[in-house]
Structure formats: structure tokens, C-alpha cells
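Below: one structure, written as C-alpha cells.
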Amino acid sequence: MDLDVVNMFVLAGSTLAIPILAFVASFMLWPAALIKVYYWYWRRRLGLKVDYVDCGGYRFCYSHRGKPGGGRPSILMLHGFSAHKDMWLSVVKFLPKNVHVVCVDMPGHEGTTRTSAVDYSIEGQVQRIRQFVASFRLNKRPFHLVGTSMGGNVAGVYAARFPTDLCSVTLICPAGLEYPNESRFVARLRELEKNQNSQDIPLIPSTPEEMEEMLRLCSFVRFKIPQQILQGLVDVRIPHNDFYREVFMEIVGEESRHSLQENLRLITVPVQVIWGKHDQVVDVSGATVLKEAIPGCQVDLLDNCGHSVVMERPRKTAQLIMDYLNSQHNTRRSKKLS
């Protein structure tokens, strides 16, 4: 073989080897950093920009894409307990690019200010999200609010408190109800409460094994995740576990545990409910509670799906949300014409 050709292959191999070796090193040695790079890459790929808004010394971190208007309502997305705004990336991927989307870090989570327990109760979170909405001027025209799990609880109570802000709301496996059937997670909590053990909360893992168990609890689909990635997920969370425990004790406390249930009669905006049929965290029987309590409530139950609807069925979730928004738009238009 010609020497120049050999040199070319050596150079090409060396060029490729550098990023490959860097990736392998990051994967083996710094998996937490790799996870952060992953989120950064997908935000950039999807056209999401991260910004901050300050409200009297309190700072909200949020990502957003698009501009308000264009005949469609803006969509504000509220994540669940111990998550962050990037959990919505898989859903945003399937939303039309001309829809104005805002994903905010909930109080104390990720880039939003961490204060005290008063802000972590459901009522406290509702008031903080209202502060964000007002500062961001998102309520200049009615917007669509989406919340999952803890965020679903907050979204539902927000709808009860500030109905004029909203055109509609989507609740995905919301917490805060009195469920006819007890979930596996709630049964586990009762056992921990009986034994006076507040350290082994299944949603607050501190080892790769506990992280794997949490993923099994939250998902119907069984993902095979490498040990290094599990370690990275744990490494990212461990510095915040004391905070997560504080938040958890607030949202399961007497004032917040059934906050959505207590506010159902005050919800007047159109409501869509999406729930995984195999949810082991908050039982799918809660969908019946919502349907019976809220007139015209639309319920979509997903087969082969657990609590992590956003991660397990992102395309379907995006489709259901857009179909619902379109149907609501058509309904409003028909009323104007009649």
C-alpha cells in the first residue's frame, strides 16, 4: 500500500480515536458530567433556550422555544418531584416548532431558587408558579398548563386558583387525590411510616441499586441501563437528597397530601387527563375520580405504560396534548360562530 495512503488512514484513525476515547473516559469516570452534556445537546438540538427571570430576589430557571401567538396558546410545563425542566425534552421533540413552549424548574429544583419549606408545599408551589407566570407575562393571554405527578397536583390547584390565566389544563398521573385503589408506592410509604423510617423513601435513591429500583417503580417498560449511567444518575442527585426529603415531607404532609382533591370543585377550565394504566406510584383509579368530579373532563389511559408517561410515551403524550388543544380551539370557534 502506498505510504501516503497508510499515513491518511493513521491520521483518520487518530482523529476518530480522540473523541471516542474522550467519550469512553467520560462514560467510565464522569457519567454525571456526560448526563449534563446529554441534556445540553438535546436542548440545543430542539432549539430550546435556557433563561432566568428574577422576582424580588427569587430566581426562576426555565427553557423555552417559540413565541406567543400564532393562533395557538402558549404551553407551560411543570415537572414532577425531584426532576427538572429537561424531563420534558422527549415530549417537546414531538410538539410543533411553532408552538410557544415554556418548561420551568419547580421551586427549589435545579436552577430555581431554593428557600424554605413554605415554598415546597403544594399551595406554596402554586403561588411561586403564579409569580413566574406574572413576571414572564405568560398570562397576557390564556395559556395551556401541563403538569405531571407533583407538577400535576400543582397544575390542578393552579387551575382552581387562577382560572382566568388558563384556556385549559393537562394533568398527567397527578398526585394529590384520594385514590380508590392503593398503589405499590403508597403501600410502601405506609410500611415506612409504620416503622418510623423516613430515610428509605423509594423516590430518593442514594445507590445505583436504589436508582434501578426507582426506575422499575416508575416505568412499565424495563430499560436496561448500564451501571455507569445509574451511578451518574445517583451522583447528580445525592447532593440534593436532603432537599428532596424536605420537599417530599411537605407534599405528603397533611396540608398538601390531598390538595388537588380538595380543589376539584373549583376547577372550571377544560381538563385533559393522561394516565399510564400500570402506574405503581399514584394509582390509575385517580382518573375516575377526576372524570366524575370535573364536567367534560377528557381521560386518555395508556396501555403498557407506568407513572413515567413523559419518558415512556413522549410521542403519544405530545400528540394527545395537541389533539386536545385543537379540539378546544374548534369548540371555542364554533361557540363564537353560533
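Remember, it's a predicted structure, so these values are computed and weren't measured experimentally. Keep in mind that the numbers below use all heavy atoms, side chains included, and drop hydrogens, waters and symmetry copies.
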Worksheet item: Is it true that Phe60 and Val50 fall in one hydrophobic cluster, defined by side-chain heavy atoms closer than 4.5 Å?
Response: no

Item to complete: May I ask whether Val118 and Phe248 are part of the same hydrophobic cluster, defined by side-chain heavy atoms of I, L, V, M, F, W, Y residues being less than 4.5 angstrom apart, directly or through others?
Response: no

Flag, side chain of [X] to backbone of [Y], donor-acceptor distance under 3.5 Å:
X	Y	value
Ser121	Ile251	no
Tyr324	Val271	yes
Asp119	Arg128	no
Gln125	Tyr120	yes
Ser74	Phe143	no
Ser308	Cys218	yes
His64	Asp51	no
Asn263	Leu266	no
Gln280	Arg216	yes
Arg65	Leu48	no

Worksheet item: Among Arg130, Lys140, Arg137, which one satisfies salt bridge (Lys or Arg N to Asp or Glu O under 4.0 Å) with Asp165?
Response: Arg130

Below 3.5 Å, can you tabulate the donor-acceptor pairs from side chains in residues 167-178 to any protein atom, sequence neighbours excluded?
| from | atom 1 | to | atom 2 | distance (Å) |
| --- | --- | --- | --- | --- |
| Ser168 | OG | His144 | ND1 | 2.7 |
| Thr170 | OG1 | His144 | NE2 | 2.8 |
| Thr170 | OG1 | Gln272 | OE1 | 2.7 |

Discussion item. Looking at every non-hydrogen atom in both residues, tell me the closest pair between Gly306 and Phe220 and how far apart they are.
Written reply: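 That closest heavy-atom pairing would be N-CB, 3.5 Å.
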
Taking atom types as modelled and ignoring hydrogens, do the side chains of [X] and [Y] form a donor-acceptor contact shorter than 3.5 angstrom?
X	Y	value
Gln328	Asn326	no
Gln127	Glu123	yes
His307	Ser219	no
Arg43	Tyr39	no

Worksheet item: Sequence neighbours excluded, which residues qualify as salt bridge (charged side-chain N to carboxylate O under 4.0 Å, His left out) partners of Arg114?
Response: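 Arg114 satisfies salt bridge (charged side-chain N to carboxylate O under 4.0 Å, His left out) with no residue once adjacent residues are dropped.
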
